[in-house]
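In what follows, a structure is listed as structure tokens, so that the remarks can point back to it.
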Amino acid sequence: MLLRDNGDARRAYRDLLADVEFKTPRRWDDLRVGGFDGLLLGGGHRARGMREYIDSPVLQMFVAAFFASGKPVAAVCHAPGVLRHVKAADGTPLVQGRHVTGFANSEERAAGLTDVVPFLVEDMLKAHGGQYSQAADWQVHVVVDGGLITGQNPASSGPAALALLQRLG
């Protein structure tokens with residue numbers, strides 16, 4: 001499936017930036033699953049990226065609750081790292097047996113940041129039983145497996161968000 005930006009996404013983003021509520025940060029433990037239809041987690045190497053929340057027990061419970069309630073979760077680039085400790089209802093790793101993607105080891109090496117991140121997303125997804133796939137480095141690659149949507153890299157952010165919106169109808 002090929003997703004194209006026809007300008008609507010740019011207009012929606014401008015409107016979102018003008019929304020005061022959007023600009024007001026919230027804490028994960030202040031959020032309730034019932035207040036949302038879906039969840040999109042962005043990645044990144046820096047403090048505002050994956051390292052800020054990959055080990056957050058509150059976020060892990062939030063993601064697990066989304067799945068338990070049948071609500072979709074999208075995670076892009078390094079954000080699938082949060083799935084490292086998320087369990088399915090039966091206690092197995094959430095990614096076990098699911099088709100997934102995330103920042104590739106080869107992309108991490110190309111960025112020269114393998115020593116910056118606490119673990120390699122590709123290796124973690126495979127170690128937890130995920131059926132990992134990837135495109136060529138820096139190319140768009142989005143994988144949808146039921147309520148789990150994963151994107152390989154920053155180029156996959158827009159298409160992953162669109163896949164989430166399509167899933168929501």
Side-chain angles (χ1 to χ4, degrees), residues 16 21-105 107-108 111 113-134 141-169:
L16 188 61
E21 187 174 338
F22 174 74
K23 291 182 178 181
T24 305
R26 294 185 182 178
R27 296 167 29 111
W28 288 113
D29 51 357
D30 291 338
L31 302 176
R32 300 294 172 257
V33 172
F36 300 91
D37 296 322
L39 178 64
L40 174 62
L41 300 171
H45 290 100
R46 309 276 182 257
R48 290 267 178 212
M50 100 175 194
R51 287 205 272 161
E52 183 173 312
Y53 56 74
I54 57 168
D55 289 323
S56 166
V58 174
L59 178 55
Q60 293 158 20
M61 289 186 297
F62 196 62
V63 171
F66 258 77
F67 273 88
S69 65
K71 295 181 179 187
V73 173
V76 180
C77 193
H78 286 87
V82 77
L83 303 173
R84 177 170 65 155
H85 298 300
V86 177
K87 303 291 185 198
D90 65 1
T92 61
L94 184 69
V95 299
Q96 185 173 318
R98 292 185 179 273
H99 296 275
V100 293
T101 193
F103 206 61
N105 290 352
E107 291 171 319
E108 203 73 77
L113 296 167
T114 54
D115 295 329
V116 172
V117 293
F119 58 87
L120 298 176
V121 174
E122 176 183 340
D123 287 349
M124 180 280 297
L125 291 169
K126 290 176 179 177
H128 285 78
Q131 303 300 308
Y132 182 86
S133 66
Q134 69 184 82
H141 185 59
V142 175
V143 176
V144 179
D145 188 325
L148 182 61
I149 301 162
T150 49
Q152 180 177 325
N153 51 35
S156 305
S157 298
L162 288 172
L164 176 64
L165 291 172
Q166 288 175 344
R167 170 94 175 145
L168 292 170

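Count residues from 1 along the sequence.
The closest side-chain heavy-atom distance from F103 to V117 is not below 4.5 Å.
The distance from atom CG of L41 to atom OG1 of T150, rounded to the nearest 0.5 Å, is 11.5 Å. Note: L59 CG to H85 NE2 = 11.5 Å, rounded to the nearest 0.5 Å. Here the straight-line distance linking atom CZ of R32 with atom CZ of F62 works out to 8.5 Å at 0.5 Å rounding.
With sequence neighbours excluded, the residues forming a side chain to side chain donor-acceptor pair (under 3.5 Å) with S133 are H141, listed by chain and number. Remark: Q96 engages T92, P93 in a side-chain contact (heavy atoms from CB on, under 4.5 Å) (not counting sequence neighbours). Residues passing the side chain to side chain donor-acceptor pair (under 3.5 Å) test with E107 are Q152, N153, sequence neighbours excluded. With sequence neighbours excluded, the residues forming a side chain to side chain donor-acceptor pair (under 3.5 Å) with N105 are D123, listed by chain and number.
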Please list every donor-acceptor pair under 3.5 Å in which a side-chain atom of residues 69-76 meets a protein atom from a residue at least two apart or in another chain.
unit_1 : atom_1 : unit_2 : atom_2 : d
S69    : OG     : A65    : O      : 3.1
S69    : OG     : F66    : O      : 3.0
K71    : NZ     : V33    : O      : 2.8
K71    : NZ     : F36    : O      : 2.5

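For I149 against L164, the heavy-atom pair with the smallest separation is CD1-CA, 3.5 Å. Considering every non-hydrogen atom in both P80 and T101, the closest pair reads CG-O, 3.6 Å. Of all non-hydrogen atoms in Y132 and G102, the two that sit nearest each other are OH-O, 2.8 Å. Between A79 and G42 the shortest heavy-atom distance is CB-O, 3.4 Å. Closest non-hydrogen pair, V100 versus G130, comes out as CG2-CA, 4.0 Å.
Although no hydrogens or angles enter the test, the distance criterion places no donor-acceptor pair under 3.5 Å between the side chain of Q131 and the main chain of K126.
The list of salt bridge (charged side-chain N to carboxylate O under 4.0 Å, His left out) pairs with a residue in residues 76-103, not counting sequence neighbours, reads D55-R84, R98-D145.
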Given the rule in the side-chain contact (heavy atoms from CB on, under 4.5 Å) test, do L162 and V142 qualify, once you have shown the distances and angles that lead to the verdict?
-> CA-CA 10 Å; L162 288 172; V142 175; over 6 Å; no
